[in-house]
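Note that ligands are numbered from 1 as they come in the structure, with each ligand's atoms numbered from 1 the same way. All residue numbers refer to positions in the sequence shown, counting from 1. In this text, all values refer to a predicted model and were calculated from it rather than measured experimentally.
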Amino acid sequence: MNTDHFPDNPYLLLTPGPLSTSKTVKAAMLRDWCTWDDDYNSIVQEIRKELVSLAVESVDQYTAVLMQGSGTFSVEATIGSVIPPEGKLLVLANGAYGDRIATIARYLKMKLALLDWGDTGPVNLKELDEVLTQDNQVTHIAVVHTETTTGMLNPIEGISRVVKKHGKVFILDAMSSFGGIPLDMEKLNIDFMVSSANKCIQGVPGFGFVIAKRAEMEKIQGYARSLSLDLYSQWKTMEEQNGKWRFTSATHVVRAFRQALLELQEEGGIEIRYRRYSENQKTLVGGMKELGFEPLLPDEHHSPIITTFLSPEADDFEFKRFYDELKKHGFVIYPGKVTSHECFRIGNIGEVYLDDIERLLEAIKEAKYW
Ligand SMILES: *Cc1c(COP(=O)(O)O)cnc(C)c1O
């Protein structure tokens with residue numbers, strides 16, 4: 001059970017980030033740091049090293065860079081910095097975060113192709129293969145790993161095979177999966193992978209990071225369309241100046257993130273965390289079905305991160321009232337994000353354990369007013 005619940009935190013966040021963190025992660029922020037001092041920069045270096053080792057076995061061929069801002073800033077830094085002026089990005093989308101990558105490319109006035117399967121359609125590998133066969137201008141492919149809009153888990157093994165066959169650069173938005181779902185960047189042929197501090201690593205919000213194949217990172221000098229979001233310059237500075245950021249960084253958040261990485265290790269690593277999340281999610285769905293709720297997606301497309309449930313058909317059901325009732329019971333859930341269905345979402349990542357889910361199910365039973 002999350003014991004850091006009362007009195008400072010009157011409710012547990014069942015949201016996909018910011019999420020509930022441990023007391024020790026929050027406590028790690030109670031000190032000030034100087035951005036150019038070795039004490040701080042060595043923390044940054046430790047973090048970069050640890051991120052690479054969580055992402056891949058061949059650690060020497062990969063590297064990591066941290067970037068200020070929320071996760072989207074790191075996605076935008078990546079899209080805006082890795083694609084050369086004459087390059088073309090193919091985005092695979094089945095939810096709001098996939099669409100957001102396409103929006104970033106439009107803002108940056110890049111050549112863009114979009115394969116969009118709506119909010120509930122799984123990625124179609126045959127279509128991907130066909131588009132890559134027909135459109136030889138495409139140089140880069142971007143896709144979201146777990147689409148937090150619905151909880152959809154995209155088939156990155158299959159996508160990676162097709163991308164590799166066509167020899168393209170592969171960008172993965174692993175925002176809501178990295179740290180919670182095991183993967184190996186080399187086996188999946190991922191060139192750039194983006195995530196952030198406040199999702200499955202269970203830190204607090206304030207920065208994101210990109211883990212990349214070193215050889216690909218070396219190629220992108222001068223492509224950035226933005227100074228502050230120049231991924232290459234940020235990386236080069238961290239690399240050559242022992243963990244230095246170019247501009248003011250979220251020092252307290254970075255320190256808390258190191259504590260979160262330590263706690264991931266103490267828990268037993270990504271595989272063990274994945275099992276906890278999976279057990280949370282299965283228990284949640286099983287219990288919700290008993291209470292008469294239906295998930296939006298079939299089990300086979302589901303991630304263990306967040307689940308979208310269809311709103312009850314009862315005339316007097318109103319999300320806001322349901323939300324307020326649950327909040328009184330100590331739980332905060334998430335509104336829906338798909339337009340085609342009335343629904344709501346419950347996340348199960350963060351400092352959330354099986355008995356928290358069981359308490360939640362009891363609370364939902366009591367909060368059912370319709
Ligand atoms: C959280 C998230 C992001 C980034 O969102 P921010 O609000 O900018 O942190 C991007 N992609 C996915 C899949 C996410 O879950």
Whether Trp33 and Tyr40 hold their rings parallel, tilted or perpendicular, with breakpoints at 30° and 60°: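 Trp33 and Tyr40: tilted rings.
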Parallel, tilted or perpendicular: ring planes of Phe322 versus Phe293, cut at 30 and 60 degrees: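 Plane angle under 30°, so parallel.
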Partner residues of Phe170 under the ring-ring contact (aromatic ring centres under 6.0 Å, His included) criterion, sequence neighbours left out: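 For Phe170 there are no ring-ring contact (aromatic ring centres under 6.0 Å, His included) partners, ignoring immediate neighbours.
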Partners passing ring-ring contact (aromatic ring centres under 6.0 Å, His included) against Tyr323 (at least two apart in sequence or in another chain): Phe319
Under 3.5 Å, sequence neighbours excluded: what are the donor-acceptor pairs made by side chains of residues 330-347?
residue, atom, partner, partner atom, Å
Arg345, NE, Pro335, O, 2.9
Arg345, NH1, Thr148, O, 2.8
Arg345, NH2, Pro335, O, 3.3

Ionic contact status for Glu157 with Lys187, cut-off 4.0 Å: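 No, no charged N to carboxylate O under 4.0 Å.
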Close-range residues for ligand 1, whose non-hydrogen atoms fall below the 4.0 Å threshold: Ser70, Gly71, Thr72, Tyr97, Arg100, Val144, Thr146, Thr148, Asp173, Met175, Ser176, Lys199
